[in-house]
Amino acid sequence: MKSGNRSLISQYPFELKLFRSFILFLLLTVCFLPSSYSQTPISGIVNTYYKVTGIIPAKACVIVTNATGLNYNDKVMLIQMKGANINTNSNSSSFGDITSINDVGNYEIGTVCTVIDDSVFLVFMLLNQYTSADKVQLVKIPQYISAIVTDTLKAAPWDNTTGTGGVLAISVEEDLILNAPVYADSNGYRGGAYRLSSGDCNNVFPANDYAYNANTLTPQNGAFKGEGIADVIAADQSGGRGAPANGGGGGNNHNNGGGGGANLTSAGTGGGNSTSTSSTGCRGNYQGIAGRALNNNGGIKIFMGGGGGAGHANNTVTPNPRGGGNGGGIIFISANNLIGNSFKISANGQSGGSTVGDGASGGGAGGTIILNINNYIGTATIEANGGQGGSVDNESINQRCYG
């Protein structure tokens with residue numbers, strides 16, 4: 001039996017062919033369009049830092065002073081900032097030698113499962129050991145689908161009092177576009193502070209020890225040491241040419257330069273006072289010792305740059321004298337694509353302070369940069385350089401050559 005109606009194909013063959021061609025064109029267009037995501041503008045300090053007061057490894061639990069702002073599925077970095085043992089008993093060049101690095105530098109990336117009061121429970125068990133008394137921090141890592149850096153993206157400066165800061169960490173699922181720098185320069189361990197000593201000195205009994213109280217200024221026999229992975233607790237060891245781990249030693253009285261800070265490579269020794277013996281004035285090469293190189297245990301540990309030691313000074317008061325340079329901080333970036341646009345990602349150390357007729361200060365060490373990137377598009381400059389030591393103006397005084 002024949003149908004009384006003809007098929008649509010037989011009735012409208014040309015129109016249906018056009019329709020099918022149009023659908024095919026739409027499908028091809030959609031398939032070959034580039035990926036498009038809305039980009040979150042980011043700048044300034046985007047991380048939140050939490051001081052860790054306790055850890056319960058069996059429960060993957062981290063206890064913080066205040067867990068406000070931490071929620072389910074947040075990405076976090078757990079990292080220990082201090083805790084190495086160093087030699088503080090020897091009045092010799094071995095002062096500050098690392099006897100045990102312990103848990104300092106241990107870190108890992110985790111995900112928050114739940115937060116109960118001040119306790120943060122992570123999804124997975126901890127990979128590393130931590131000693132909460134040695135300045136462990138939990139850093140909240142912001143997560144983006146795609147992000148564009150519209151103004152300088154920064155790490156908060158390291159604060160040794162709170163045990164937090166110095167780390168910049170972000171996670172981007174797709175595109176990270178740089179329209180401004182990513183910056184952790186000078187955000188690491190602090191350089192030795194500048195202090196003005198009295199002019200008293202002695203060529204017969206020079207200040208040649210490795211540790212002094214840098215707060216005693218009449219005279220200051222040893223300028224402040226730079227900071228590193230081990231805190232120097234005793235006030236009478238805060239200054240002097242002995243270098244505490246990766247921090248630079250301070251210059252001794254009179255007018256010796258501070259040593260540079262270190263990270264994975266050792267630093268430079270400070271400049272010594274090589275004033276001629278026929279010149280009036282104090283002399284003697286008792287410069288700050290260089291910060292020691294650190295062992296990252298095959299990449300498992302990461303560190304901020306050590307601070308430079310301060311130079312010994314009894315004259316320089318202007319312009320705005322500065323001590324040892326701060327070390328560079330830590331940068332951690334995870335993204336699928338990094339579109340560099342010729343901008344810089346840097347964790348450089350700060351240069352040491354320069355002086356007029358005094359000892360100059362050591363530069364801070366470069367920090368650490370970790371990039372988990374699948375594709376690099378365009379040019380980006382990655383820097384973690386140590387800072388230059390300060391320079392000295394001997395005021396054109398004949399036969400004087402300060403550190």
Side-chain angles (χ1 to χ4, degrees), residues 79 81 105 107 149 152-158 165-170 178 180-192 225-229 243-249 257-271 287-296 299 301-311 322-333 338 340-354 360-373 376 378-392 403:
I79 181 169
M81 312 304 290
Y107 83 104
V149 180
T152 304
L153 191 64
K154 303 175 182 178
W158 165 248
V167 178
L168 190 167
I170 61 172
L178 303 187
V182 179
Y183 182 92
D185 294 5
S186 310
N187 289 143
Y189 296 120
R190 305 288 89 181
K225 305 174 189 293
E227 183 190 5
I229 61 172
N246 62 318
N263 196 327
L264 300 186
T265 55
S266 58
T269 300
Q287 63 266 52
I289 292 175
R292 275 85 168 178
L294 302 177
N295 183 351
N296 67 4
K301 294 175 177 287
I302 57 175
F303 309 101
M304 301 188 297
R322 181 167 53 79
N326 299 331
I330 294 170
I331 295 177
F332 175 89
I333 297 175
L338 175 65
N341 289 327
S342 298
F343 282 97
K344 184 183 293 185
I345 299 173
S346 62
N348 295 321
Q350 185 182 33
S351 61
S354 297
S361 299
T368 298
I369 300 175
I370 297 177
L371 301 179
N372 178 29
I373 307 292
Y376 292 87
T379 302
T381 301
I382 316 298
E383 288 183 354
N385 298 324
Q388 181 174 317
S391 59
V392 174

For a quick test of reading the model, state the closest non-hydrogen atom pair linking [X] to [Y] and the distance between them.
X	Y	result
Ala380	Leu338	CB-CD2, 4.4 Å
Ala155	Ala184	CB-CB, 4.1 Å
Ser354	Ala360	CA-CB, 4.5 Å
Ala267	Gly261	CB-O, 3.0 Å
Asn348	Asp185	N-OD1, 2.9 Å
Ala293	Leu264	CB-O, 3.6 Å

With side chains defined as the heavy atoms from C-beta onward, is the minimum distance between Val182 and Ile170 less than 4.5 Å? no
N/O donor-acceptor pair under 3.5 Å between [X] side chain and [Y] backbone:
X	Y	value
Asn263	Gly366	yes
Asn246	Ala262	yes
Arg322	Ser361	no
Thr368	Phe303	yes
Gln350	Gly325	no

What distance do [X] atom [atom1] and [Y] atom [atom2] have between them, rounded to the nearest 0.5 Å?
X	Y	atom1	atom2	result
Ile333	Ile373	CD1	CD1	6.0 Å
Lys344	Leu178	NZ	CG	12.5 Å
Ile331	Leu168	CD1	CG	5.5 Å
Thr381	Ile345	OG1	CD1	9.0 Å
Ile79	Met304	CD1	CE	8.0 Å

Pair Val149-Phe343, side chain to side chain contact (heavy atoms under 4.5 Å, CB included): steps then yes or no: CA-CA 10 Å; Val149 180; Phe343 282 97; over 6 Å; no
Is the NZ atom of Lys301 crowded by more than 12 outside heavy atoms at less than 6.0 Å? yes
Determine, step by step, whether Tyr376 and Leu371 satisfy the side chain to side chain contact (heavy atoms under 4.5 Å, CB included) criterion, reporting the C-alpha distance in whole Å, the side-chain angles of both residues, the deciding distance to 0.1 Å, and the verdict. CA-CA 11 Å; Tyr376 292 87; Leu371 301 179; 3.7 Å; yes
